[in-house]
Asker: 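First the structure, then my questions, so here it is.
We count ligands from 1, going down the list as the structure has it; atoms in each ligand are counted the same way. Just so you know, residue 1 is the first one in the sequence shown, and it goes up from there. Only heavy atoms go into these numbers, but all of them, side chains included; no hydrogens, no water, no symmetry mates.
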Amino acid sequence: MTVCVLHAAAEMFPLLKTGGLADVVGALPPAQSQLGTHARVVLPGFPAVLAGLDDLQPVADLGAAFGASNVRLERGVLQPHGVVVYAVRADQFYDRPGNPYLDAAHRSYADNDRRFALLGWAAARIATGADPAWKPHIVHAHDWHAGLAPAYLRAFERGGAARVASVMTVHNLAYQGVFPASEFGALQLPGDFYAVDGVEFYGHVSFLKAGLYYADRITTVSPTYSREIQTQAHGAGLHGLLQTRTHDITGILNGVDYSIWSPSVDESIAAKYTASKPSAKSKCKTALQERMGLTRDDDALLFGVVSRLTEQKGLDLLLSAVPDIVQRGGQLVVLGTGDPALETGMKNAAAAHPGAVAIELGFDETLSHSIIAGSDVVMVPSRFEPCGLTQLYALAYGSPPLVHRVGGLADTVVDSSLENLADDLATGFVFDTFDRPGIVGAIRRAFALKARRTDWKAVVKRAMNQNFSWESAALAYADVYQGLMSR
Ligand code: ADP
Ligand code: GLC
């Protein structure tokens, strides 16, 4: 029997993206459809979502909900893969340009609870027949934005609807969608759902906790992170609940969409190259140095960062190591946006080291490809990292990643230690302790390896030959779904 799944999420590449969640929601459904799972997606009807869908058609009138008077469901198609996407139309919630969560002053919208309750509710409505032409067997909710979907499914079941199974995927436990308890009344859930065994979280409402409690299965985006989140140190207050659900939790590593992230096909980089003919990579480096105002020098080891500038990403630690990079003749280029203190820190580093350190503040898809291709080493020194995609892109582009040994970074990068070089395993640089000596040691290993031409080339080639396909991830999700179908 063909399994039909509805993904509920806030972002989907290329329609709307603030981070890796969008890349996953863009790539997983087509990979699933290739393997015979029918996957559709429901998104809030943000302007960029509506603008990017073909053949948008009305599906259903959902009436008034959460204070929005006229909620409608529309269905469109996202090319090139032909993924069917539902857009929830509630213009008073979603007709806001730019970042889906924050206003122009970078503050969370005051009505985010109702905006994203509507997403989860609409997913549950589709699952219980709102589209007469299609119904999923499984609702697959991504992150807190869709965390209430499993709760609404249970609520509708109580009202007589048929049972629909659900999966909750945690892309990042640090964002939980926590709101004041006084907002619970606006959520249209049965009163007894406000309980420890329910959506209540230390006297508040937590959308992510709701998903973790009510979903039939939980997945997260790497095996190591799936274990980390069950510990007090990394469980962000939810480790207790996660421990009770340990048998329902699976860690499934994200993949790479190699039709977008491959130096042999990438139209946005200065020159294409492959693992067997990597020489044109140096043209990408020169172009990047010119673009960013760095000294044009093929011998300078160029470190690149493409990242949200948040506490998670460990860029404060990187800032402390900038002198170590520059003193050794290296260069650093950073593309990112976020925390004002980190933005200022980066700007100061660039001002202190003109020609050697350059920063571009903002979100720029094309430049992100140029940095991944043009850097010698891509840095991801995160404090924690559920999966991480930039290190996977860096591997594909032969830019050995330098990472902290946590979460998905630990699962995907092998350090260039002498043992790993001898065993033909090394693909990058991994440090164990999140402190200056840790990161500086890895930076020194990168310089040392670069000086050993043959070993450097071997690591670059091995990195490029790694394969993190969406097919393997889609097969692993299919297993999770099968477990639910056979219940
Ligand atoms: P996270 O989802 O935690 O931000 P990931 O590594 O999983 O981290 O995914 C980040 C995604 O967002 C990658 O596709 C990366 O290239 C992209 N990205 C992050 N910051 C920027 C930026 N400033 N400009 C363009 N792309 C960015
Ligand atoms: C989150 C995580 C990141 C992960 C991405 C996609 O934003 O921070 O590690 O790769 O989601 O799953």
Asker: Sort out for me which residue in Val333, Ile371, Leu367 forms a side-chain contact (heavy atoms from CB on, under 4.5 Å) with Arg291.
Answerer: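 That would be Leu367.
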Asker: If you look at each N/O of ligand 1, which protein N/O atoms lie under 3.5 Å away, and at what distance?
Answerer:
unit_1: ligand 1; atom_1: 2 (O); unit_2: Gly20; atom_2: N; d: 2.6
unit_1: ligand 1; atom_1: 3 (O); unit_2: Arg308; atom_2: NH2; d: 2.8
unit_1: ligand 1; atom_1: 3 (O); unit_2: Lys313; atom_2: NZ; d: 2.8
unit_1: ligand 1; atom_1: 4 (O); unit_2: Arg308; atom_2: NE; d: 2.7
unit_1: ligand 1; atom_1: 6 (O); unit_2: Leu389; atom_2: N; d: 2.8
unit_1: ligand 1; atom_1: 6 (O); unit_2: Thr390; atom_2: N; d: 3.4
unit_1: ligand 1; atom_1: 7 (O); unit_2: Leu389; atom_2: N; d: 3.3
unit_1: ligand 1; atom_1: 8 (O); unit_2: Lys313; atom_2: NZ; d: 3.1
unit_1: ligand 1; atom_1: 9 (O); unit_2: Gly20; atom_2: N; d: 3.1
unit_1: ligand 1; atom_1: 14 (O); unit_2: Lys17; atom_2: NZ; d: 2.8
unit_1: ligand 1; atom_1: 14 (O); unit_2: Asp23; atom_2: OD2; d: 2.7
unit_1: ligand 1; atom_1: 23 (N); unit_2: Gly362; atom_2: O; d: 2.8
unit_1: ligand 1; atom_1: 24 (N); unit_2: Asp364; atom_2: N; d: 3.0

Asker: Any nitrogen or oxygen of Val24 lying under 3.5 Å from a nitrogen or oxygen in ligand 2? Just yes or no.
Answerer: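 For ligand 2, there is no N or O atom that lies under 3.5 Å from one belonging to Val24.
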Asker: Please determine whether the number of non-hydrogen atoms from other residues, nucleotides or ligands lying under 6.0 Å from atom CD of Gln34 exceeds 12.
Answerer: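 Open: at most 12 neighbouring heavy atoms sit under 6.0 Å from CD of Gln34.
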Asker: Give me the ring orientation class for Tyr94 and Phe116: parallel if the planes are under 30° apart, tilted from 30 to 60°, perpendicular past 60°.
Answerer: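 Tilted: the ring planes of Tyr94 and Phe116 meet at 30° to 60°.
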Asker: Check Leu21 against ligand 2 and report side chain, backbone, both or neither, counting heavy atoms closer than 4.0 Å.
Answerer: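 Contact part for Leu21 vs ligand 2: backbone (N, CA, C, O).
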Asker: When the aromatic ring centroids of Phe207 and Phe179 are compared, is their separation below 6.0 Å?
Answerer: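 Under 6.0 Å, so yes.
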Asker: Nearest protein heavy-atom contact for atom 3 (C) of ligand 2: which residue, which atom, what distance?
Answerer: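 Answer for atom 3 (C) of ligand 2: Glu385 OE2, 3.3 Å.
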Asker: Tell me which protein heavy atom sits closest to atom 2 (C) of ligand 2, plus the residue, atom name and distance to 0.1 Å.
Answerer: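 I find the closest protein heavy atom is His171 O, 3.1 Å.
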Asker: How about Tyr393 and Trp261: are their ring centroids closer than 6.0 Å?
Answerer: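 Yes, the ring of Tyr393 comes within the 6.0 Å limit of the ring of Trp261, centre to centre.
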Asker: Are any of the side-chain heavy atoms of His7 and Gln32 separated by less than 4.5 Å?
Answerer: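 His7 reaches Gln32 side chain to side chain.
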Asker: May I ask you to check whether over 12 heavy atoms, not counting those of Glu471, lie within 6.0 Å of atom CD?
Answerer: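 No, CD of Glu471 has 12 or fewer neighbouring heavy atoms, counting only those of other groups under 6.0 Å.
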Asker: Please confirm whether Gly388 comes under 4.0 Å of ligand 2, counting heavy atoms of the residue only.
Answerer: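 The answer is yes, since Gly388 has a heavy atom less than 4.0 Å from ligand 2.
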Asker: Does the ring center of His145 lie less than 6.0 Å from the ring center of Tyr175?
Answerer: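 No.
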Asker: Atoms of ligand 2 less than 4.0 Å from Val221 heavy atoms?
Answerer: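 The list of qualifying atoms is 12 (O).
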Asker: Answer with side chain, backbone, both or neither: which part of Asn254 has a heavy atom less than 4.0 angstrom from an atom of ligand 2?
Answerer: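 Near ligand 2, Asn254 shows its side chain, while the N, CA, C and O stay back.
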Asker: In terms of the angle between their ring planes, are Tyr481 and His140 parallel, tilted or perpendicular, with boundaries placed at 30° and 60°?
Answerer: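 The arrangement is perpendicular - the two ring planes meet at more than 60°.
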